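Just below is one structure, and these are the notes that go with it.
Counting begins at 1 with the first residue of the sequence. The shown structure was predicted, so the numbers you read here are calculated from the model rather than taken from an experiment. Just so you know, ligand 1 is whichever comes first in the structure, and atom 1 is the first atom listed for that ligand.
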Amino acid sequence: MSNCEREPVTTVFGSNVFSQAVMRERLPKDVYKSLMRTVEGGEALDPQIAGVVANAMKDWAIEKGATHFCHWFQPMTGVTAEKHDSFISPTPDGRTIMEFSGKELNQGEPDASSFPSGGLRATFEARGYTAWDCTSPVFVKESGNNISLYIPSAFCSYTSEALDKKTPLLRSMAALSKQAVRILRVLGNTSSNSVAATLGCEQEYFLVDKNFVEQRLDLVLTGRTLFGAPSPKGQEMEDHYFGAIHERVASFMNELNNELWKLGVSAKTQHNEVAPGQYELAPVFATVNVATDHNQLTMETMQKVALRHGFVCLLHEKPFAGVNGSGKHNNWSMVTNDGLNLLEPGKTPHDNIQFLVFLCAIIRAVDKYSNLLRASVATSANDHRLGANEAPPAIVSIFLGDQLTDIFEQLAKGVAKSSKQGGLLNLGVDTLPPLPKDCTDRNRTSPFAFTGNKFEFRMVGSSQSVSGPNFVLDTIVAETLCEIADQLEKAKDVNAKAQEILSKIAKEHQKIIYNGDNYIEEWVKEAEKRGLPNIRNAVDSIHTLLEGGVAEVFAKHGVLTKHELHARCEILLERYCKEINIEALTTLNMAKRQILPAAMAYSGSLAGTVASLKAAGATAKGQSKVLADLCSLIDELQVGIVSLEKAVEKADKTEKPETYRDAVIPAMTAVRASADALEMIVDADLWPLPTYAEMLFLR
Ligand code: ADP
Ligand code: MG
């Protein structure tokens, strides 16, 4: 359907969602109200209503063409999982009726022995349960000709331990709400009953022509290029960022938006990113649980729709060396059930005690648990990005901007008495309107930046589930709010006590505030002087999960038990090993079966040329020089291959992430260096792989 004849967006949006509006229309009033008390008020779900809700869902889904339903969950793989059952229930007379019971809505039991559990469950203990999460809406999804009803679900073991990414997120939201409401009450707010974390994630991605990807085993198997000499042109012209969107890409985006809107995902912003072939999509923010589900749907839909346009969508953090990688800016705030954004500073934040308490609680949380935040984004892929001049370094710090930094400094000295103001922008052109100026400039390099009425956590990787970073944020902020609430609730003069707490936090945590450029070397030195940790790789970072009171804080707020945390740590390290192992095996495969043979073929033909030229009496100087260079690079590559094979073997025996990090990765890098040098001298017609220039610039 062309754009002109397509349905209006207002009709399309949410058309595949069993939304509040649909529920209000289709559910009996008392059932609807009861469900809303759970969805909005966090009350326990009344199991009695499930049957009625299930029936309404089934009728609605069947009208949409659905034949199946599935519990849709988020195991520790980082991607979603689903197992479909049809609605059919055969009758004795050889026909069928379509059924969907309350029990089937409430609970699923996938035989889930093959999901990562980190030792929480042995393979023979196959039972896993999924439980309907009614706080995230049910939807129908089309895949080819199949249409199913999707039920967002949590996933746990027989012993009710969390085996997924959703359960701890839901637990952390409850913890944050509880502590935030305590603060609101003690500061005199009597109207708000709950607080939800809100999240808007800006998703970066690459589009590469499918024909190129199919010729590259590395992209097919690992999502990133393990070889490739730099393109003569990279991103240095700065002409891609926010540039006019290429027609083929725009068509992709158009269809992507449409698919997302049907699912109720509020895709809002789209633009070209810094690297050639790189783009971004941002939705309108939602509560963190819904936003996390929506981000998973966004990533899936991007990949699906890209294929329809002859593209492959790469979500990897670093698909191409030498140009920017992809992240996922995690915009986070807190909102009360009556719509108050707790990070809205107002015109004069210095006298907005409530805002300052929440702000300082966050600052304290980020400083005190900086290692935990760092660990929430620790993956082998993100190691390529953090600190590589395109993403924040591995050092956690906070950008507050001029106005709040000034207030924070005033607090450290006692009481804050003033707020710097922004004024107007004057462009010096009478026909242009005067623009109000924000009271603070932006800082694109900060890992954790205050951006007006929310914080933007920028270390998150593009391909990862946002659940981890957000349940960490929720939990550590719940903890510092709890500390503050404990003191305020006991105080005779709440205001005076609050001032005292704010001042103490400002003094103690000044070291985490940094408004400068995070990409420069001087900051690394300065941060070290300040005593801020700089954990450069995922392995060291993941190990910190078992230190520094992390287990205690998760346990205290009921987010993860010690056992669950240990399991997660194990899963993360195991995943690191597996990822590097696959990359190493792919490197070997391509080096031995594609690159070496191409180089050898070229050297063979060159040798023939040299021999015949010499026989004909020519000196063949140029040819001999290229041949000599070629042979020496081939030797080097050969040596590299043998070393990598040994490193892989060693790592395989030890199964230690450190061996993958310290032996396998450097050996892989060496193989790549020789191969990339070969690419620069081997006859282009013989080179077996699409080049960086082709992949980044042709569409
Ligand atoms: P930027 O200026 O940083 O590009 P945008 O306005 O594009 O900011 O917003 C980036 C993301 O932040 C969007 O997904 C937006 O919905 C989200 N966002 C805005 N306000 C909030 C909030 N209060 N809580 C969480 N996310 C928010
Ligand atoms: Mg932004």
Fill in: Pi-cation contact, F311 with R248 (under 6.0 Å, within 45°)
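Yes, R248 sits over the ring of F311.
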Worksheet item: Between E82 (side chain) and Y150 (backbone), is there a donor-acceptor pair under 3.5 Å?
Response: no
Item to complete: Give a yes/no on ligand 1: does E456 have at least one heavy atom closer than 4.0 angstrom to it?
Response: yes
Suppose I only count heavy atoms of [X] and a 4.0 Å limit; which atoms of ligand 1 are within that range?
X: V284; answer: 16 (O)
X: P283; answer: 13 (C), 14 (O), 15 (C), 16 (O)
X: N341; answer: 23 (N)
X: G200; answer: 14 (O), 25 (C), 26 (N)

Worksheet entry | Charged N-O contact under 4.0 Å between E390 and K318 | yes
Practice prompt. Using a strict cut-off of less than 4.0 Å between a Lys/Arg side-chain nitrogen and an Asp/Glu carboxylate oxygen, indicate whether R364 and E479 qualify as a salt bridge.
Written response: no
Backbone or side chain, does any N or O of [X] fall under 3.5 Å from an N or O of ligand 1?
X: L199; result: no
X: C201; result: no
X: T269; result: no

Item to complete: Output all residues satisfying salt bridge (charged side-chain N to carboxylate O under 4.0 Å, His left out) with R37, sequence neighbours left out; order by chain, then residue number.
Response: E43
Sequence neighbours left out, cut at 3.5 Å: what donor-acceptor pairs do the side chains of residues 394-404 make with other protein atoms?
unit_1, atom_1, unit_2, atom_2, d
S397, OG, N518, OD1, 3.3
Q403, NE2, K420, O, 2.7

Worksheet item: Once the angle between the rings of Y514 and W523 is folded into 0 to 90°, is it parallel (under 30°), tilted (30 to 60°) or perpendicular (over 60°)?
Response: parallel
Worksheet item: What do we get for E202 next to ligand 1 when only non-hydrogen atoms under 4.0 Å count, side chain, backbone, both or neither?
Response: side chain
